[in-house]
Amino acid sequence: MQRVNIKDTGLDFGALSKRPTTDQIVIHHTGNPYDDDLSAAEIHASHRAKGWSGIGYHYVVRKDASIEAGRPHWTVGAHAYEHNNHTIGIHVCGNFELAEPTGAQIEALSMLIANLCVDYGLPIDGDHVVGHRDLMPTACPGANLYAMLPEIRGKGNWYANN
């Protein structure tokens, strides 16, 4: 299986807790009023400005398919209320109520999901790879990205087995 290249962003966090278990991957989008391409560092700075410990997502998938590290992968996230202690959060840059994810983003996201599911022993299915809206009332990850989750899971399964 091909491994994705994850850019180490060197973000600074205070004390973070170790995630006790990992049984789901949660997909998010930005949801800003415009279609953006924010870096992990920009999201981190924005979240810190709100008094939070920093970026709540573990990974950020940019429009050019680059993948940036957010919160350390082994820590409890801050991306899905009441589900952070057992999930990994992936942020896909853009507002997918307005725009479509790039083809490059879809491929990078699918490959990242394959890597994570293999690493954590998770099936790549609708119970284990979910949109934020599957866990709580929200539009996230946007209608256009959410509609593509079956295709993304299918590609993830292909990457995991090739």
Side-chain angles (χ1 to χ4, degrees), residues 1-9 11 19 22-32 34-44 46-47 54-80 83-84 86-136 138-162:
M1 174 181 63
Q2 184 177 348
R3 302 295 302 188
V4 294
N5 181 30
I6 298 169
K7 179 183 176 189
D8 180 5
T9 52
L11 300 175
R19 189 176 53 255
T22 303
D23 62 10
Q24 279 185 320
I25 297 171
V26 184
I27 310 302
H28 300 268
H29 77 149
T30 309
N32 283 338
Y34 53 91
D35 187 39
D36 58 42
D37 189 26
L38 299 173
S39 69
E42 289 171 311
I43 297 168
H44 186 66
S46 170
H47 288 187
I55 188 170
Y57 313 106
H58 298 92
Y59 302 96
V60 174
V61 180
R62 306 287 303 272
K63 290 190 178 289
D64 67 358
S66 58
I67 300 172
E68 299 175 350
R71 189 169 284 231
H73 70 89
W74 52 268
T75 63
V76 173
H79 59 91
H83 295 278
N84 292 313
H86 67 96
T87 61
I88 292 175
I90 302 174
H91 172 90
V92 184
C93 293
N95 181 335
F96 302 119
E97 287 292 312
L98 304 173
E100 300 279 339
T102 68
Q105 278 180 304
I106 295 303
E107 293 305 318
L109 175 60
S110 301
M111 193 178 299
L112 176 59
I113 287 168
N115 288 185
L116 292 170
C117 286
V118 167
D119 291 350
Y120 287 96
L122 302 176
I124 304 174
D125 62 23
D127 292 327
H128 297 89
V129 178
V130 300
H132 188 190
R133 68 173 61 178
D134 292 320
L135 302 178
M136 59 190 304
T138 177
C140 185
N144 295 325
L145 180 55
Y146 189 77
M148 297 181 80
L149 287 181
E151 175 187 349
I152 291 164
R153 290 183 200 109
K155 287 175 177 281
N157 275 304
W158 186 88
Y159 282 121
N161 293 296
N162 289 290

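Residue numbers start at 1 and run along the sequence shown. Fair warning: this is a prediction, and the values are worked out from it, not measured in the lab.
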Check whether any side-chain heavy atom of [X] sits under 4.5 Å from a side-chain heavy atom of [Y], and report yes or no.
{"X": "Cys117", "Y": "Val129", "answer": "yes"}
{"X": "Ile25", "Y": "Tyr120", "answer": "no"}
{"X": "Gln2", "Y": "Met111", "answer": "yes"}
{"X": "Thr22", "Y": "Asp119", "answer": "no"}
{"X": "Val60", "Y": "Cys93", "answer": "yes"}
{"X": "Tyr59", "Y": "Leu112", "answer": "yes"}
{"X": "Leu116", "Y": "Ile88", "answer": "yes"}
{"X": "Ile113", "Y": "Ile27", "answer": "yes"}

Could you tell me whether a side-chain N or O of [X] sits under 3.5 Å from a main-chain N or O of [Y], the two making a donor and an acceptor?
{"X": "Asp134", "Y": "Asp127", "answer": "no"}
{"X": "Ser66", "Y": "Arg62", "answer": "no"}
{"X": "Arg71", "Y": "Val76", "answer": "yes"}
{"X": "Arg133", "Y": "Ala139", "answer": "yes"}
{"X": "Asn144", "Y": "Phe96", "answer": "yes"}
{"X": "Glu68", "Y": "Ile6", "answer": "no"}
{"X": "Asn115", "Y": "Val4", "answer": "yes"}

### Query
Looking at residues at least two apart in the chain, or sitting in another chain, which of them share a side chain to side chain contact (heavy atoms under 4.5 Å, CB included) with His128?
Leu122, Pro123, Asp125
### Message
Applying ring pair (Phe, Tyr, Trp, His ring centres under 6.0 Å), can you list everything that pairs with His86, at least two apart in sequence or on another chain?
### Response
His83
### Qualifying residues under ring pair (Phe, Tyr, Trp, His ring centres under 6.0 Å), relative to His58, sequence neighbours excluded
His79
### Message
I'd like to know whether Ile55 forms a side-chain contact (heavy atoms from CB on, under 4.5 Å) with Leu11, so could you lay out the CA-CA distance, the side-chain angles of the two residues, the decisive distance to 0.1 Å, and finally the verdict.
### Response
CA-CA 9 Å; Ile55 188 170; Leu11 300 175; 3.8 Å; yes
## Note on the structure
So the ring pair (Phe, Tyr, Trp, His ring centres under 6.0 Å) pairs with at least one residue in residues 143-162 (sequence neighbours excluded) are none
What closest approach, in Å, do [X] and [Y] show between heavy atoms, and which atom pair accounts for it?
{"X": "Glu42", "Y": "Asp37", "value": "OE1-O, 4.2 Å"}
{"X": "Ala114", "Y": "Gly156", "value": "CB-O, 3.3 Å"}
{"X": "Ala80", "Y": "Leu135", "value": "CB-CD1, 4.1 Å"}
{"X": "Thr87", "Y": "Arg19", "value": "O-CD, 3.4 Å"}
{"X": "Pro141", "Y": "Gly131", "value": "CD-CA, 3.9 Å"}
{"X": "Val118", "Y": "Ala160", "value": "CG2-CB, 3.9 Å"}

### Task
Verify the ring-centre separation between His28 and Tyr57: is it less than 6.0 angstrom?
yes
### Task
Measure the OG-CZ distance between Ser110 and Arg153 for me, rounded to the nearest 0.5 Å.
10.5 Å
### Query
Would Asn5 and Ile67 satisfy side-chain contact (heavy atoms from CB on, under 4.5 Å), going step by step from the backbone distance to the final call?
CA-CA 7 Å; Asn5 181 30; Ile67 300 172; over 6 Å; no
Name every donor-acceptor pair, under 3.5 Å, that has one atom in a side chain of residues 97-104 and the other anywhere in the protein, sequence neighbours excluded.
| unit_1 | atom_1 | unit_2 | atom_2 | d |
| --- | --- | --- | --- | --- |
| Glu97 | OE2 | Ala143 | N | 2.7 |
| Thr102 | OG1 | Lys63 | O | 2.8 |
| Thr102 | OG1 | Gln105 | N | 2.9 |

### Message
Applying side chain to side chain donor-acceptor pair (under 3.5 Å), can you list everything that pairs with Asp36, at least two apart in sequence or on another chain?
### Response
Thr30, Asn32
### Task
Take Ile106 and Leu145 through the test side-chain contact (heavy atoms from CB on, under 4.5 Å) and record every step on the way to the result.
CA-CA 9 Å; Ile106 295 303; Leu145 180 55; 4.1 Å; yes
